[in-house]
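Each remark here refers to the structure printed beneath this line.
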Amino acid sequence: MDKIIYLDNAATTRMLPEAVEGMIPYFAEYYGNASSIYRLGQESRKAVSRAREIIGNSIHADAAEIYFTGGGSESDNWALLEAARSYESRGKHIITSAIEHHAVLHTCRRLEKMGFEVTYVDVDEEGILKLEDLKRAIRPDTILISVMFANNEIGTLQPIKEIGDIAKENNILFHTDAVQAYGHVPIDVDELSVDMLSASGHKLHGPKGVGFLYIRKGVKIRSFIHGGAQERNRRAGTENVPGIVGFGIAAEHAAAGMEEETRKVAALRDYLIQRIEQEVPYCRLNGHRTRRLSNNVNFSFRFIEGESLLIMLDQKGICASSGSACTSGALDPSHVLLAIGLPHEIAHGSLRLTLSGENTVEELDYVVDAVKGIVGRLRQMSPLYEDFIKGKGKENV
Ligand SMILES: *Cc1c(COP(=O)(O)O)cnc(C)c1O
C-alpha cells in the first residue's frame, strides 16, 4: 500500500509492535487451554492472570473485578442487559444519554422491547450531559444509569465523578462505556463511584476482539454468555489467551506513557484545530474545546457532504471518518451531531480526525492543505454555496 496518513484512531488503532510480539508465543508455543490441569495450560492461565492484574491496577480495581470479554460491544451489552434483568425486581427504569455509542443505544432499544423504560438525557451544545436533567430523570424505580466516559465522535469528556456521585446518593447502579477513554485518560473506579466499566483492546493499540467489563464487588449481575466456568462462572468460553496477553501489554504501555502521550497528542490536536479554523472558512468545531479527548478533532464544513470529502481524502492517502465507523455508509446524519443541535445539512458536512502519538506535524500540514483544497472544490460545485455567496454579495451592497 502507498503511504497512508492514519487519522481514524477512534475507529481502531495500529497495534503496538510489543503487543504483537508478546502475543505470538501464545499462538505458537503456549497454546494450551487455560482451564487445563497440565503445565501447558498453566502457562496460559498465568498469562491471563498477569493481564488481569495489570488491567485491574490500571483502573484502581481488584483483578477479581475484571472480566474479559469479546470487546467493547459485548461488555456494554452484558452490563446493560444483565443489570436490567438482575435488578428488575427493584424497578424497570434505566437512564442513559442521547449520545451513547450504538452498543449502548441499541441495547436500550432492546430493553424497551423487553418492557423496560429508558430515559435518554440530553447534552448541551458542546456535548456535555445536562446534570440537572439527569437528576430530574431519577425515579424510585430507576435501577441503572449508563453514561459514556468520552464520546467517540466529538471526544467530549463527561462529568463522570458527578454522575457517579448522583447515582451513589440515589442507590442506583452506574455503568460507563469507557471504550474511548480507557488507556487515554486516568481512571479510578472508586474515586468516580463507577460500578461497571466497559473497555476494548483495539482502541489503545491492542488487538481487536478482546475487551473487559469491570464489575464492582457486590454488584450481582449474572453471566451473559452461558457455558463453561471461565471468568469465575460469569463469562463462558475458552479464554482468548493471545488477545488477553496483547491487551495487557497495550494497557501497561498506555498507563506508563499516558502523561507524555496526552501532552504530545493534545499539542498536535490544537495545532490541527487552529490551522483549520484559520484557513477553512465556514467551519465549526464540534464538541467542547477543552473537555475533550486529547486526540479528537471534529469539524463541520458548511455546503459540503462529509462522504465526498472522505472519498477525496482517501485518494490522497488520508484515513478519516465522517461520524462513527458504524454509521458511515448510512446516510442518516450522526445522532451525536444532531443531539448537540446541528441542523441536518450541517451535520452531513462533518469530518472526524482522531490522532495518535504516531502522527507528525508534517502529516497534519499535508492534511490541512488537502482539506482546504477539497472543501474549496466541493463548494465550487455546490449550488447552495453559490446562492449563499450571491446573497452575501447583495447584503454587502
Ligand atoms: C469502539 C467503541 C465501542 C465498541 O467496541 P468494540 O470493541 O469495537 O466492540 C463501544 N463504545 C465506544 C464508545 C466505542 O468507541
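What you see is a predicted model; the values in this text were computed from it and never measured. Both ligands and their constituent atoms are indexed starting at 1 by order of listing.
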Strictly below 4.0 Å, N to O, side chains only: are [X] and [Y] in salt-bridge contact?
X      : Y      : value
Arg292 : Glu126 : no
Glu231 : Arg234 : no
Arg289 : Glu277 : yes

| note | Min over Lys208, Glu153, Lys203, Met148 of heavy-atom distance to atom 2 (C) of ligand 1 lands on Lys203

| request: Name the option, out of Gly72, Ser75, Ala199, that contains the heavy atom nearest to atom 5 (O) of ligand 1. | output: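 Shortest heavy-atom distance from atom 5 (O) of ligand 1: Gly72.
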
For [X], atoms of ligand 1 separated by under 4.0 Å from a heavy atom:
X      : value
Asn152 : 13 (C), 15 (O)
Gly71  : 7 (O)
Ser200 : 6 (P), 7 (O)
Asp76  : 10 (C), 11 (N)

Please work out whether any backbone atom (N, CA, C, O) or any side-chain heavy atom from C-beta onward of [X] is under 4.0 Å from ligand 1, and answer side chain, backbone, both or neither.
X      : answer
Asn151 : neither
Glu74  : neither
His202 : side chain
Ser73  : both

| What about the rings of Tyr214 and Tyr67, do their centers lie closer together than 6.0 Å? | no

| Would the Tyr282 and Phe301 ring centres measure less than 6.0 Å apart? |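 No, the ring centres sit 6.0 Å or more apart.
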
| task | Note the single closest protein heavy atom to atom 11 (N) of ligand 1, along with its residue, its atom name and the distance in Å. | result |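 Nearest protein contact, heavy atoms only, for atom 11 (N) of ligand 1 is Asp177 OD2, 2.7 Å.
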
| query | If you round to the nearest 0.5 Å, how far is OG1 of Thr360 from CD1 of Ile5? | reply | 7.0 Å

Can you give the donor-acceptor pairs under 3.5 Å from side chains of residues 239-256 to other protein atoms, not counting sequence neighbours?
residue	atom	partner	partner atom	Å
Asn240	OD1	Gly243	N	3.0

| said: Strictly by ring pair (Phe, Tyr, Trp, His ring centres under 6.0 Å), give each pair with a member in residues 167-206 just once, sequence neighbours left out. | reply: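 Every ring pair (Phe, Tyr, Trp, His ring centres under 6.0 Å) pair that includes a residue of residues 167-206, provided the two are not neighbours, is Tyr182-Phe212.
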
